[in-house]
Structure formats: C-alpha cells, structure tokens
Amino acid sequence: MPVPSRPLRSVRHRCSCLAILPLCWLLAAAAGTPAEEPPPPPLTAQFTAPQIQREIVQEGFRARIDASRQVLRIDTPKPGRLERGSSMPRPGDNVAVVGDGVELRSGRQTLARLTAGQQLPVLEVREGWVRMAVRADGQTHRGWVRPDEVKVVGHEDPVRPTLSQIGSGRFVSQAVLAQKAKQFDDGLYAAVDLAAQSGAGLWPGKVKMLEAVAGRFEKTGSQPLDNAAMVLLGAAQLGKLDVQTPPQLQQPVATAVAEFMADAKRSKPIGFYTWSEPLERIFRQDRMLQTELKGQAGIAALVETLAGNPDAASVYSRYLDFVGRLTNPLAYPDLRPSLAAWQQGDRNMPAKEVYFFPPSVSHETELLKKLFPENPVPPGFSLIDELIARIQDGRIDLTPTDASGWYDYQTWAQEPLVIPDRMPEAKRLVMDDRYREQLLELFKGVLALTRETHIKQLEIPVAPSAEPPGPFEPPKPKIHFTIRPELAAEPMATVYLRRAMGYRFVRGVLEETFGRDALGQIHRQSATGPVRENLDDELRRMEALFFGAYVAVSRQLGMPPETTPGSGSGEGPDADAVAFLAWSDRLQDDPDVGRDVRMMVPVFYDDLRKMTKVWVFLGWQPQQVQISFAQRPAVEVFDPDGQPVPADSDRIVLHYHSQYHTLAYPVTAEVYVTKILNRPEFRAHCDKYKTRSAILANLE
C-alpha cells in the first residue's frame, strides 16, 4: 500500500560526537539493572517466509498450491447462551422483567418502576431477593426485586482481564498485536516525556525554559498579572521546579492549584502516568499549562520573557513542534504568533483564547465540537458510533496529512477495521456479519487504548475416468493431500502495514528532536522501571514485527506485498516475515502480551449533565472463528519424477479443510461517569463486578 500523500519528514539533525546527558529515569546505566527483560531473540532457523505459491509433499508427490486465485471466508459462530427459564436467578445472569410497574426497591423506598421485557443484569442474590441496577434520570439506581418478578434469559460470562486467559495457538489475533503495540507505545511515550522534561541528546529539556518563564513572576511578583502568574507558578509547584512563589502571590497561586487539583478530569494522572512520581509530576505540570490564559498584561509578560531569552524561546517553540508531531497538531493558539509580533515591535497582545501548552486535536474531539458547538449532547448519543458511521460513509477521512502527528497515524492504522471492503485484501476475503461486528469492537477498543497513551496531550471495524479393461493389477494407493487456508494472523494486512509506517514516522520525529545517537541511550519505560533494550533497537524491532506480519499475511492471502527499500528492519521482507513467525510461536515468552490493559479514559465533559463521557476498556472475551475457502486455490500435482499428474487422475485426492481458532475481542463501552478512575481503581472495580453489565451498572 502506498505511503500517504507526503514523504515522511526528513531527519535534519545528525550528530557524530554526541554527549548524552545522564538521565536517571532513562538510561540503563543510571537506573541500574532494568526491572524486566525483553523477550529472548526469536529462533528463526526453523521458519521459512510464506510465499504466494507453496508446496506440500506426500509420498514423493508434490502439490503446488497457488494462493493467488483463492478467496478465504471467515465465519464467527454465535456463542451459545444459557437458558434456564424461570429458575432462581444468580449473579451474572441477565433477567427480563415480567410485568409493567415492577418496583425496584431499597427498604420501603421505591427507586424506579420497571417495564415488562426490560433486561437487566443480576448483581446479587440475598435472602430471596434479587439486586439489580437500572439507569434512570441520569442516575444509577441499585435496588431489589422479588425473583418471581423477573425471569432468567441468559447468563453473562465474566470478562477476561488479560489475553493470557484466551489461547490462540500460533495463529495471532489482531488483539495480540494491538496489545503488543499498546505496551510498547506506552513505554515509548513515558520515556520520551521524561526525556522531553529533563533533556537528552540534542534536546536540552523544557525544565530550564519553564523555570525561566515562571521565574519572571518570582522576580516581579508585586501583584497578580491576570491568571498567567497562577498558571505558570502553579505548574512550577506541581512539577517541583526550582521556582519560588513570592509571598504576595502565594494565596492566589494556592487557590489556582487547589481548583486545578479538585478537577479530576484535568489533574488526575491516568494511564502510564501512574507508573512513577516523576511521570505524575509531568502530567499535572503540563495539564496545568493547558489552562487558557486570560488577561493582556499577563500574556504580555510571558511573551516579553520569552523574547528576552532566546534559548527559552527556542525550546518553547521546538517543544510545541515536537508534541504536535508526537501526538497531533495543537487545538488552540499558543504564544508563538504573539512572540513573533513582539519581536517585530508589535506590543498589542491578545487578552484571551491563547494557551501556553495547548492540547492536541483528534478526530473524535473535533467531531464532538462540530456536532455540538453550543447545543447539549442528546441522550443516547455515542461518539464512537458516530465516528464509525462517518468513516464508513466517507465524511471523515483518516488518511494522515502533512500536519498529522503519531496519533493520526495510529488511528489511520485501525481504519481497515471499519471499512474492510475498501482495503487491498478485501478481494481475497468473504466475512460474515458477526466478524465485521467483531472488527468494529476491536476498532473501539484499540482507539480507546491509543487515546489513553496520548491522554495528557489530547484534548478532552474430480470424477473418475474410464479405463479399457486389461490385465488385473492391484490398484495403486491413492495420494491424499489435505489443503487448509494458511494464515499466521488475522487477515487485515493493511492494519499491520500502517502500524509499521507509524513506527517509522515516530522514529523520524524522535531522531529529529533528540538526535539519532540519543535513541540508543533512551530506554522504554514500564510499570516496574526501564527495559534493558534501548529505544533505537526496539523501534526497529517493532517496525519489523508489524511489517513482517503484513508480508506474511499478504502472501498467505495470495497478494504480493507492496514494499519499498528500507521497509521494516531493512533486511528484506522474507527476514521480517520469518521473525514475525518466530515471535508468534513464542507469544508466551513476551511479557507485553499478557499484561492487563483495562482502563478508563475521558473523551469529553458534559457541562449540562455535570458528568464526564469516558471510554472504558473492560477486558477481553473469546470468539471462535472458522476460516475456509470461499474460492479454492489452484493446485498442481507432480509425481516423484517431477512430471505433472493430470488433473483428472484418480490417484490424487485433494481434501479441503477449514482452520478453527479462538480469537480475542475487546469488551468496551462509552458511558457517563461522575468519578474518573485510574488504572488500579478501575481494575479493582472490574475484578469486583466481573461481567460487562455489572461493571457498567456499578460505575459512579
């Protein structure tokens, strides 16, 4: 598949003799022995790269299979549900209300009246009463009904917290690759955020710049300058920078910080920002700096400080360029236009609608602002479903532009899950409706996980032939060939290619910012510390892994993969395909695959309802899938002497069989909450309530 309509940005900075700054959180030498080991190197000798033409050997006969003419069919049978009629409900059951006006009670109080046929999850059964939860009037009511007022209509299986509980053999589901990418992306972003704060390679870090700008108010500090002093000095306190708040500003700054900290959707670290205290500080510091600046005098003071400190102005401008590419373009104006005007002698500064560190745009938040610029969000509105609908009908194009950042690339990589029929592999696939629904669920889950990675910076799917009689001879034994679809992973090849392209893009961003040599000194972060392998090697391995998956699956579908020099590892398509097969054969050795990724991530705040709309990732559920031939491949058979065997020969018997696999699909939801939960809090909630219905019903 061709690269989007622009070349990847060239790396402008090269360094031969580079003095790398020691970073206690980034460099393995400073951090001591890393807390976890990467997977052992793949044993590739036992694997060969898939080809469009393959051979099967049976008793000296060779069957040459040409996949270029095959079409595969993917079916996902509907899982069975337990039907127990009117028996006593139990936790995990779904029940239906048997009559209108059934009272949901707590003691003598009626919380809500239920309607006939309304289906609800059972949360608890105690002393002959059934406890359930219902959403009404913007609130969740939890109360009790009698068992004879409901009937069991099915049982809901618990959600699996990790992929390690769902086996898939050597066949790699997209969920496994998405999980691998999520762990790497989190660790990369964490390492880069630490480096952006403290400095690495060619990058001096933003600490000194922030101290210089916030220090402007430390030195003058006679009176508050609108809210600029509170934002900068408050951010300095949250980031524990070397800046003192002057006595006359301590109370207003303390008030601003307290208001910020009381707003959990702004100040509560979530995602990987809970891994360490330095990451928590960076989260709160930068989120405080995303506050809108109001007041011409304060904004002018900031611009004047930057204008008088060329080094700080350079770091400020470079950092905004960097985050605009690491995540996405900025959503609101920053101080750079005002700084340029100041340097030209124009002292007429804006009084509002400018930000020191603006957040970044995303397709989902821009869609929300477009749909509801002033009107309240209507009941039942789902942002993710609206986004999917607009991708499907072409109103939203996810193709990265010249201004796009890594988040756009990551979102674009998942586009084939929403519009699979428009992808190159579509001509090789027939998919049933349930599999298409599963692809949409995967899109929702991966987008939610990707948004969480960027959450600090982002704004809130054969007849026998007759022979003449002759002398009797015993019949020659028949040669049987069993031919199955050959797939090493789910057949969405374009997803894997675009993931690989995204890693190449972000490598260019990082090399340009920190210098090529610095990536060899930075290490991906994890919840337990830095990994041993450096970021330079890991980025190459991740690009090669996804490119190898693309090559392997494309050939197995019968499509020649589109490659360019230097794609993947640079060692050639066959080498990357073999490396992918070796990795997939040892998934149990990769610690990233079995990690818990359950989380809650804010999408927008609904001021009318005073609630936050969030995407929640509850875990995984298994799904059986059957892969068969909708159109069989071309098969030629050759005898032990290399001579072709006629197609009508009765000696050759071809058996066409299906593949059966267990895939994982994510369990997600888009809901309103009043309380934002970080990863540990949300996972404890999921572990307590277990099923999707119960987990959602008990969110506050």
Side-chain angles (χ1 to χ4, degrees), residues 1-3 42 44-57 62-74 168-174 176-177 413 416 420-431 481-501 504 541-585 587 625 627-636 654 656-659 661 663:
M1 181 172 182
V3 178
T44 58
Q46 57 184 306
F47 297 96
T48 57
Q51 304 296 330
I52 293 177
Q53 289 191 344
R54 57 189 172 102
E55 289 190 349
I56 303 175
V57 178
R62 293 180 297 112
R64 181 180 298 164
I65 302 167
D66 183 0
S68 65
R69 293 171 57 182
Q70 76 180 18
V71 176
L72 299 184
R73 179 177 182 85
I74 303 179
S168 62
R170 292 184 178 181
F171 181 82
V172 181
S173 69
Q174 294 182 75
V176 170
L177 285 162
D421 292 334
R422 301 180 209 169
M423 297 299 113
E425 55 267 27
K427 60 185 178 183
R428 301 292 179 184
L429 295 171
V430 176
M431 296 175 279
F481 289 97
T482 299
I483 301 172
R484 293 183 174 87
E486 185 180 65
L487 275 179
E490 279 189 82
M492 306 305 293
T494 304
V495 172
Y496 312 139
L497 174 61
R498 292 182 179 182
R499 275 280 191 184
M501 294 166 67
R504 188 190 300 186
R541 186 160 56 81
M542 288 296 290
E543 182 182 346
L545 176 69
F546 281 89
F547 184 70
Y550 163 70
V551 171
V553 169
S554 293
R555 290 175 175 174
Q556 290 169 337
L557 287 172
M559 304 188 312
E562 298 185 15
T563 63
T564 57
S567 298
S569 67
E571 297 179 4
D574 285 358
D576 288 351
V578 167
F580 167 74
L581 295 177
W583 172 80
S584 65
D585 187 57
L587 287 177
V625 64
I627 304 174
S628 57
F629 291 111
Q631 178 176 307
R632 293 173 176 175
V635 180
E636 294 180 281
L654 304 180
Y656 294 92
H657 287 223
S658 299
Q659 278 186 330
H661 300 288
L663 304 181

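Starting from 1, each residue takes its place in the sequence as its number.
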**Asked** Below 4.5 Å, heavy atoms only, C-beta onward: do Ile52 and Pro560 meet side chain to side chain?
**Response** yes
**Complete:** Heavy atoms of Phe580 and Ala552 approach each other most closely as CD2-CB, 4.3 Å
**Complete:** Sequence neighbours excluded, the answer for side chain to side chain contact (heavy atoms under 4.5 Å, CB included) partners of Ala630 is Val71, Arg73, Val430
**Asked** Is there a donor-acceptor pair closer than 3.5 Å between any side-chain N or O of Ser554 and the backbone N or O of Tyr550?
**Response** yes
**Request:** Report the residues that fulfil salt bridge (Lys or Arg N to Asp or Glu O under 4.0 Å) with Glu486, sequence neighbours left out, ordered by chain and then residue number.
**Result:** Arg54
**Asked** Is there side-chain contact between Val172 and Glu490, with at least one heavy-atom pair below 4.5 Å?
**Response** no
**Request:** Taking all non-hydrogen atoms of both residues into account, name the closest pair between Arg504 and Ser567 and its distance.
**Result:** NH2-CA, 3.1 Å
**Message:** Show the nearest heavy-atom pair for residues Pro573 and Phe547, with the distance to one decimal.
**Reply:** CA-CE2, 4.2 Å
**Prompt:** Roughly how far, to the nearest 0.5 Å, is the CD atom of Gln631 from the OG atom of Ser628?
**Reply:** 12.5 Å
**Request:** List the atom of Pro50, the atom of Leu581, and the distance in Å for their closest heavy-atom pair.
**Result:** CD-CD1, 3.8 Å
**Prompt:** In Å, rounded to the nearest 0.5 Å, how long is the span from OG of Ser569 to CG of Leu545?
**Reply:** 11.0 Å
**Request:** Kindly write out the residues that satisfy salt bridge (Lys or Arg N to Asp or Glu O under 4.0 Å) with Arg62, not counting sequence neighbours, or none if the list is empty.
**Result:** Glu55
**Fill in**
Smallest heavy-atom separation, Val553 atom then Pro491 atom, equals CG1-CA, 3.6 Å
**Asked** Taking the side chain as C-beta and beyond, is there a heavy-atom pair between Val635 and Phe481 under 4.5 Å?
**Response** no
**Request:** To the nearest 0.5 Å, tell me how far Asp66 CG sits from Gln51 CD.
**Result:** 12.0 Å
**Prompt:** Looking only at atom types and distance, does a side-chain atom of Glu543 sit under 3.5 Å from a main-chain N or O of Gly568, one as donor and one as acceptor?
**Reply:** yes
**Pairs flagged by salt bridge (Lys or Arg N to Asp or Glu O under 4.0 Å) wherever residues 544-557 is involved - sequence neighbours left out** = Arg555-Asp574
**Prompt:** Could you give the distance from CD (Gln556) to CG (Leu72), rounded to the nearest 0.5 Å?
**Reply:** 9.5 Å
**Prompt:** Considering only heavy atoms from C-beta outward, does the side chain of Pro416 approach that of Arg422 to under 4.5 Å?
**Reply:** no
**Counterpart residues, salt bridge (Lys or Arg N to Asp or Glu O under 4.0 Å), relative to Glu571 (two or more places apart)** = none
**Partners meeting salt bridge (Lys or Arg N to Asp or Glu O under 4.0 Å) with Arg428 (sequence neighbours left out)** = none
**Fill in**
Rounding to 0.5 Å, atoms CG (Leu557) and CG (Leu487) come to a distance of 5.5 Å
**Message:** Hydrogens and angles aside, do Glu425 and Thr494 bring a side-chain donor and acceptor to less than 3.5 Å of each other?
**Reply:** yes
**Request:** Kindly say whether Ile65 contributes a backbone atom to a donor-acceptor pair with the side chain of Gln53 at under 3.5 angstrom?
**Result:** no
**Approximate separation, where rounding is to 0.5 Å, of Phe546 CZ and Arg541 CZ** = 11.0 Å
**Prompt:** How far apart are the closest heavy atoms of His657 and Phe629, and which atoms are they?
**Reply:** O-CE1, 4.3 Å
